[in-house]
2 protein chains.
Amino acid sequence: MQSSPDLLFKALADPSRRALFERLCLEGEQTVGALTAGAGISQPAVSKHLGILKQAGLVQGRDEGRQTHYSAQQRALAPLVDWTGRMNRFWEARFDDLEDLLKRMDQ
Amino acid sequence: MQSSPDLLFKALADPSRRALFERLCLEGEQTVGALTAGAGISQPAVSKHLGILKQAGLVQGRDEGRQTHYSAQQRALAPLVDWTGRMNRFWEARFDDLEDLLKRMDQ
DNA sequence: CATATTCATAACTAAATAGTTATGGGATTA
DNA sequence: TAATCCCATAACTATTTAGTTATGAATATG
């Protein structure tokens with residue numbers, strides 16, 4: 001699933017969700033039960049967070065019997081990287097303009 | 001001001017705040033009045049958003065007479081870039097492990 | 001000095017959100 | 001089949017939050 005920066009920022013703004021996503025990135029695929037274990041919140045809360053992460057395209061669920069294995073969806077962060085890159089680029093462009101200006105003033 | 005990923009994500013999760021920050025990145029320094037003009041929300045709302053962006057280290061205010069000029073604070077995005085980089089790195093590490101495993105299984 | 005302008009803060013309201021407990025459906029196990 | 005386990009959803013609550021209007025402080029202008 002493709003996701004706009006808006007959904008991504010909103011999904012990652014919550015500490016519990018970010019922690020879940022980090023765990024999936026660092027430790028790999030996990031069941032809801034395993035994720036609930038170290039989360040400090042109830043299982044329904046974890047499920048709801050995973051739903052939001054999934055809707056943002058950040059995670060993926062794989063049903064296996066009665067348990068669901070969740071994993072991080074790597075490419076989902078791309079729009080974030082793009083966005084930060086864009087902001088940086090424009091800033092540098094303005095900085096270059098300033099440098100140009102200063103150079104021209106020097107002459 | 002230094003900022004943790006948490007403050008950054010929270011600050012940038014709101015569309016109005018992100019729009020303000022983008023304008024400051026793309027168009028450079030602006031007064032509150034100028035920012036309010038194209039924002040679609042009231043001046044107090046803009047001021048409040050700017051306060052939150054400032055607390056997250058994303059913008060900087062410069063008093064000049066009765067108006068305040070705000071500008072984007074470039075380095076503030078660094079923790080975000082770091083964070084996304086970390087997540088990517090771990091994912092790639094797991095991917096490398098998988099490749100290693102497959103190679104070893106091949107032999 | 002009197003008036004107008006610019007911004008920030010206070011006080012309030014409506015909506016969104018993150019958590020809870022309760023429940024039920026589907027899959028395993030005895 | 002009966003009991004158990006895993007997860008998702010429903011229903012509710014408390015808190016946070018994004019917006020509003022009102023106001024005031026500081027600066028500029030007539």
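A note on names: the letters A, B, ... follow the listed sequences, proteins ahead of strands, and every chain is numbered from 1.
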### Query
Do any of residues 59-69 of chain A sit with a heavy atom less than 4.0 Å from DNA chain D, and if so which?
A:Arg66, A:Gln67, A:Thr68

### Message
Is there a side-chain contact between B:Thr31 and B:His69 in this structure, where contact means two heavy atoms from C-beta onward sitting under 4.5 Å apart?
### Response
yes

### Task
With sequence neighbours left out, write down each residue that passes side-chain hydrogen bond (donor to acceptor under 3.5 Å, both in side chains) with A:Thr68, or none if nothing qualifies.
A:Asp63

### Task
Round to the nearest Å and state the distance from A:Lys10 atom NZ to C:dA16 atom P.
10 Å

### Sequence-distant partners of A:Lys10, salt bridge (Lys or Arg N to Asp or Glu O under 4.0 Å), two or more places apart
A:Asp6

### Message
Reading DNA chain D in the 5' to 3' direction, which nucleotide is the first one with an atom under 4.0 Å from a heavy atom of chain A, and which is the last?
### Response
D:dT4 to D:dT9

### Message
Quick check on C:dA8: is either OP1 or OP2 less than 4.0 Å from any side-chain nitrogen or oxygen of B:Tyr70?
### Response
yes

### Task
Evaluate side chain to side chain contact (heavy atoms under 4.5 Å, CB included) for B:Ile52 paired with B:Leu7, printing each intermediate quantity in order.
CA-CA 9 Å; B:Ile52 292 171; B:Leu7 272 178; over 6 Å; no

### Message
Expressed as a whole number of angstroms, how long is the span from B:Gln55:CD to C:dA8:C1'?
### Response
15 Å

### Query
Are any of the side-chain heavy atoms of A:Leu80 and B:Leu12 separated by less than 4.5 Å?
no

### Message
I need the full list of salt bridge (charged side-chain N to carboxylate O under 4.0 Å, His left out) pairs touching residues 72-87 of chain B, with sequence neighbours left out, sorted by first then second residue.
### Response
none

#### Entry: Within residues 40-47 of chain A: residues closer than 4.0 Å to DNA chain C (heavy atoms)
A:Ile41, A:Ser42, A:Pro44, A:Ala45

### Query
Say you draw a straight line from CE of B:Met87 to CG of A:Leu77; how long is it, rounded to the nearest 0.5 Å?
8.5 Å

Donor-acceptor contacts under 3.5 Å from residues 34-45 of chain B side chains, at least two apart:
residue: B:Thr36; atom: OG1; partner: B:Val32; partner atom: O; Å: 2.8
residue: B:Ser42; atom: OG; partner: B:Ala45; partner atom: N; Å: 3.4
residue: B:Gln43; atom: NE2; partner: B:Ser47; partner atom: OG; Å: 3.1

### Message
Would you compute the distance between atom CD of B:Gln55 and atom CG of B:Leu50 and round it to the nearest 0.5 angstrom?
### Response
13.0 Å

### Query
Can you name the residues that form a salt bridge (Lys or Arg N to Asp or Glu O under 4.0 Å) with B:Arg62, not counting sequence neighbours?
B:Glu29, B:Glu64

### Query
So, do B:Val46 and B:Tyr70 sit near enough that their side-chain heavy atoms are less than 4.5 Å apart?
no

### Query
Can you list the residues that meet the salt bridge (Lys or Arg N to Asp or Glu O under 4.0 Å) rule with A:Glu27, with sequence neighbours excluded?
A:Arg23

### Message
Just to be sure I understand the geometry, which residues of residues 22-36 of chain A put a non-hydrogen atom under 4.0 Å away from DNA chain D?
### Response
A:Thr31, A:Val32, A:Gly33

### Query
Among all residues two or more places apart in sequence or in another chain, which pass the ring pair (Phe, Tyr, Trp, His ring centres under 6.0 Å) test with B:Phe9?
B:Trp83

### Task
With DNA chain C as reference, determine whether A:Arg17 or B:Lys48 sits nearer its 5' end, using the nearest nucleotide of each.
B:Lys48

